[in-house]
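One structure is given below, encoded as structure tokens.
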2 protein chains.
Amino acid sequence: MSPHEPPDGLDTEDLALALEKFTGIFIRLASVEKMSFTTLGVLHTLAGRGPLRLSELKASEQVTQPAITQLVTRLERDGLVRRRPDPTDGRAVLVHLTPAGAQVVDKRRRDRVDRLTALTRRLSTPQRQAVAAALPALLEMAELGAQVLDEPPASSPPR
Amino acid sequence: MSPHEPPDGLDTEDLALALEKFTGIFIRLASVEKMSFTTLGVLHTLAGRGPLRLSELKASEQVTQPAITQLVTRLERDGLVRRRPDPTDGRAVLVHLTPAGAQVVDKRRRDRVDRLTALTRRLSTPQRQAVAAALPALLEMAELGAQVLDEPPASSPPR
DNA sequence: CAACTTAAATAAGTTACTGATATATTTGGA
DNA sequence: TCCAAATATATCAGTAACTTATTTAAGTTG
């Protein structure tokens, strides 16, 4: 009946439903401090991957190139990032996180950890163990997913 | 050392890190069709919880009341929702999803399920089982989290 | 070294937000 | 009963954050 169930008990429809609910809550767990999702995404990406070109940020945030230029301009105005020339390519610019920018990311992360801690305290021990056991698989899926998102969005990929 | 590790193996810092990566990918898995996160959030909320007042939508989306009024106006213009008077309160309006609106939500959900299926196929059987075993706990956390988000954002809530 | 490509910036217009305020309805006493 | 306060939504004016189209500058190639 369902084409989404491999033979080992993970129904992808259930998974999608659970993850929809969960991510909807999770992304609201951290204090948002008047910043858009895209802005926070850029700061977070820079914190995780180090200085990047505008074109690399564009790819990771799924907006147009002028939008990134303007967003970085605003972030620079607010002292959260700095533009520096790319020594290996005179056309390019490397966007660096400033200490203030790193602090924003850290604060959000601490908030999230605090709230997650509060949530997990209310789970049963087996539930906590189940979540801990699933973490490597979730990380693996995130990595696989990142690769997929770089590929073209074909509607019906011919197999 | 870490205040975030209960005695049964779930380090919340690890959890937060994994979930950050995972949700960052997950929310981009579905086709976005030129709609903002907020817009999609409203459609999804209506699909999940039935007709709601503007003020209820406002609470679930964390934007100002005029933003919701305008967003619903745009959605109504595009035929995705309809406003109808609340029979129990002459001031209020109930926002209903139209069939076209429900279709948008369904398509996104199908997209997501398809992509998740592709991802989970590349996991090992134990990994899939681990994810399946964690689903109830994730749902529980989402539910607990939803309650927390409704509460006032007090820094030190008195018990 | 001209033609092409790539990286980022600029320009002009649109959309989606915000705070402040207005309108209509309900609620709760005097 | 009736009026003041509270509640639910709408409107208005201004700003922020995007879009497409175009421009500028620096690399790459035959």
Side-chain angles (χ1 to χ4, degrees), chain A residues 27-28 31-46 49-96 101 104 150 153, chain B residues 27-28 31-46 49-96 101 104 150 152:
Chain A
I27 60 178
R28 290 178 174 77
S31 59
V32 170
E33 304 269 346
K34 301 277 180 191
M35 289 182 192
S36 76
F37 281 116
T38 312
T39 306
L40 293 166
V42 164
L43 291 179
H44 184 266
T45 300
L46 290 175
R49 298 176 38 198
L52 293 178
R53 296 180 174 196
L54 291 185
S55 48
E56 292 171 308
L57 285 174
K58 175 198 142 190
S60 79
E61 301 304 327
Q62 310 222 331
V63 291
T64 58
Q65 175 262 314
I68 288 290
T69 293
Q70 293 163 20
L71 174 52
V72 167
T73 300
R74 287 193 299 270
L75 287 173
E76 199 168 28
R77 179 200 64 196
D78 296 343
L80 303 180
V81 305
R82 254 172 73 192
R83 261 181 253 246
R84 317 196 82 214
D86 183 337
T88 75
D89 187 336
R91 298 163 300 179
V93 162
L94 286 179
V95 184
H96 293 248
V104 168
D150 281 344
Chain B
I27 61 178
R28 289 177 175 79
S31 58
V32 170
E33 304 268 348
K34 301 276 178 192
M35 290 181 190
S36 76
F37 281 116
T38 312
T39 306
L40 292 165
V42 165
L43 292 178
H44 184 266
T45 300
L46 290 175
R49 298 175 38 198
L52 293 178
R53 296 179 174 197
L54 291 185
S55 47
E56 292 170 308
L57 284 175
K58 175 198 142 190
S60 79
E61 301 304 328
Q62 312 223 326
V63 289
T64 59
Q65 175 264 316
I68 287 291
T69 293
Q70 293 162 19
L71 175 51
V72 167
T73 301
R74 287 193 299 271
L75 286 173
E76 198 168 28
R77 178 200 63 194
D78 295 345
L80 302 180
V81 305
R82 254 171 73 192
R83 260 183 253 245
R84 318 196 80 212
D86 183 338
T88 75
D89 187 335
R91 298 163 298 178
V93 161
L94 287 178
V95 184
H96 293 249
V104 168
D150 280 345

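We use all heavy atoms of the structure for the numbers below, so side chains are in, but hydrogens, waters and symmetry mates are not. To find a chain, count down the sequence lines: A is the first, B the second, and so on, and within it residues start at 1.
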Candidates dC18(D), dT20(D), dA8(C) - which lies nearest the side chain of L54(A) | dA8(C)
Any side-chain heavy-atom pair from R77(B) and T73(B) closer than 4.5 angstrom?
-> no
Which residue lies toward the 5' end of DNA chain C, A67(B) or P66(A), if each is placed at its nearest nucleotide?
-> P66(A)
May I have the distance from E56(A) (atom CD) to dA8(C) (atom C1'), rounded to whole angstrom?
-> 13 Å
Donor-acceptor pair under 3.5 Å: do we get one between Q65(A)'s side chain and the base of dA9(C)?
-> yes
Winner on side-chain proximity to R91(A), out of dA6(D), dA8(C), dA25(D), is dA25(D)
Could you state the CZ-C1' distance from R53(A) to dA26(D), rounded to the nearest angstrom?
-> 11 Å
Contact class for D89(B) (heavy atom, under 4.0 Å): base, sugar-phosphate, or nothing?
-> sugar-phosphate
Of the candidates dT26(C), dT10(C), dT9(D), the side chain of Q70(A) sits closest to dT10(C)
Taking CG from D86(B) and P from dT9(D), how many angstroms apart are they, rounded to a whole number?
-> 8 Å
Residue A92(B), side-chain heavy atoms: nucleotide from dT9(D), dG27(D), dT18(C) that is nearest | dT9(D)
Rounded to whole Å, CZ of R74(A) lies from P of dT15(D) at a distance of 15 Å
Rounded to the Å, how far apart are K58(B) NZ and dT9(D) C1'?
-> 11 Å
Taking CZ from R84(B) and C1' from dA8(D), how many angstroms apart are they, rounded to a whole number?
-> 19 Å
